[in-house]
Protein chains: 2
Amino acid sequence: MQIKNMIEEKNLKVTTARKELLEILSSEKKPLSFEDIKDKISMDKATFYRNISKFESESMVNSFESNDKKRYYEIQEFPHAHFICNGCSNIECLENAPLPKLDGYTIMDVIYKGMCKSCNATQ
Amino acid sequence: MQIKNMIEEKNLKVTTARKELLEILSSEKKPLSFEDIKDKISMDKATFYRNISKFESESMVNSFESNDKKRYYEIQEFPHAHFICNGCSNIECLENAPLPKLDGYTIMDVIYKGMCKSCNATQ
DNA sequence: TATGCTAATGCAACTAAGTTGCATTTAAGT
DNA sequence: ACTTAAATGCAACTTAGTTGCATTAGCATA
């Protein structure tokens with residue numbers, strides 16, 4: 001069972017809350033906000049934030065804020081860029097767009113903002 | 001006086017609060033958070049947010065959230081990428097890095113996250 | 001399988017960003 | 001100067017995220 005292994009690999013205690021949280025994040029293809037998640041979890045929000053924060057420092061989870069001023073969390077399976085549409089506010093994972101290079105910097109995450117394909121088409 | 005003109009160009013009323021806010025944003029080279037600004041302004045925070053929101057919809061101001069979970073605002077003179085360092089949390093305006101292209105999308109803003117030059121050097 | 005230690009959790013209280021309704025004020029055209 | 005709609009200040013509110021503390025639950029050891 002991969003969720004349990006993910007936690008053990010980082011030498012973290014395998015708790016019900018952690019399994020539940022990673023289960024939800026990995027079952028969705030899209031980044032989720034706390035609002036998206038809160039009704040699906042049984043843990044307290046303090047536990048949610050403490051675990052998210054631990055997952056982030058262990059590079060298991062990545063987060064960024066979208067146009068709606070909400071923070072979105074996702075499992076960091078492999079680094080990929082995100083596109084946030086200023087038109088429809090949709091978030092897309094650009095799994096085929098390679099992370100760009102920038103001299104002297106190490107780029108670990110990229111967020112593009114603008115108009116997505118369908119908003120451009122129907123503009 | 002360019003601040004007054006900036007406001008008039010968008011057919012907005014030239015108020016003390018708007019002039020003050022744009023004055024502060026344009027006097028800094030870096031994006032500023034509400035916390036950075038709040039002690040420098042005399043307007044109420046409701047007025048601050050209402051004006052920021054109006055400026056954003058008129059494309060006079062751009063905003064994004066940083067690693068510290070605070071939103072940063074800046075005058076949008078010309079579009080440019082930002083680099084947020086996961087090490088030192090510093091925000092850099094990459095004025096010479098052109099916005100990348102992405103087929104079918106219109107990219108209006110880019111945020112890179114990772115390690116900046118000096119954090120890479122001293123690591 | 002029982003024991004014990006530490007980390008994880010739940011709860012409550014808190015902080016701070018951002019929003020909204022409403023009464024008052026002010027910019028700007030006549 | 002007069003008028004009117006828009007902008008402002010104030011207060012109350014919502015919600016994300018944090019923190020302290022008492023309790024609980026992993027997990028290693030015996």
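Bear in mind that the values here come from a model prediction, so they are computed numbers and not experimental data.
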*Please state how far atom NZ in Lys54(B) lies from atom C1' in dA5(D), giving the value in whole angstrom units.*
11 Å

*Salt-bridge criterion met for Glu58(B) and Lys54(B) (N-O under 4.0 Å)*: no

*Phe48(B) or Thr15(B): which one's nearest nucleotide on DNA chain C is closer to the 5' end?*
Phe48(B)

*Return the 5'-most residue of the pair Leu12(A), Lys69(B) with respect to DNA chain C, ranking by each residue's nearest nucleotide.*
Leu12(A)

*In whole angstrom, give the distance that lies between atom CE of Met43(A) and atom P of dG17(D).*
15 Å

*When you measure from the side chain of Lys45(A), which nucleotide among dT18(D), dA7(D), dT9(C) comes out closest?*
dT18(D)

*With DNA chain D as reference, determine whether Lys13(A) or Glu65(B) sits nearer its 5' end, using the nearest nucleotide of each.*
Glu65(B)

*asked:* Students often get this wrong, so: under 4.0 angstrom with heavy atoms, is Ala46(A) touching a base, only sugar-phosphate, or nothing?
replied: base

_Spacing of Asn51(A) atom CG and Leu12(A) atom CG [to the nearest 0.5 Å]_ = 8.5 Å

*Could you check whether Tyr72(A) gets within reach of a base, just the sugar-phosphate, or nothing at all, counting any heavy atom under 4.0 Å?*
nothing

*Nucleotide dG17(D), atom P - distance to CD of Glu56(A) in whole Å*: 10 Å

*Could you work out which one of dA28(C), dG17(D), dT8(D) sits closest to the side chain of Val14(B)?*
dA28(C)

_Value in whole Å for how far the P atom of dA25(D) lies from CG of Asp44(A)_ = 15 Å

*Atom pair distance, as rounded to whole Å: CG in Asp39(B) and P in dA17(C)*: 11 Å

_Per Thr47(A) side chain, nearest of listed nucleotides dT9(C), dG17(D), dA28(C)_ = dT9(C)

*Under 3.5 Å donor-acceptor pair, Arg50(B) side-chain atoms to dG9(D) base atoms*: yes

*Would you indicate which nucleotide in dA8(C), dA17(C), dT8(D) comes nearest to any side-chain atom of Phe34(B)?*
dA17(C)

_Can you confirm whether or not the ring centre of Tyr105(A) sits under 6.0 Å from the ring centre of Tyr112(B)?_
no

*Could you tell me whether the side chains of Asn67(B) and Ser89(B) share a donor-acceptor contact shorter than 3.5 Å?*
no

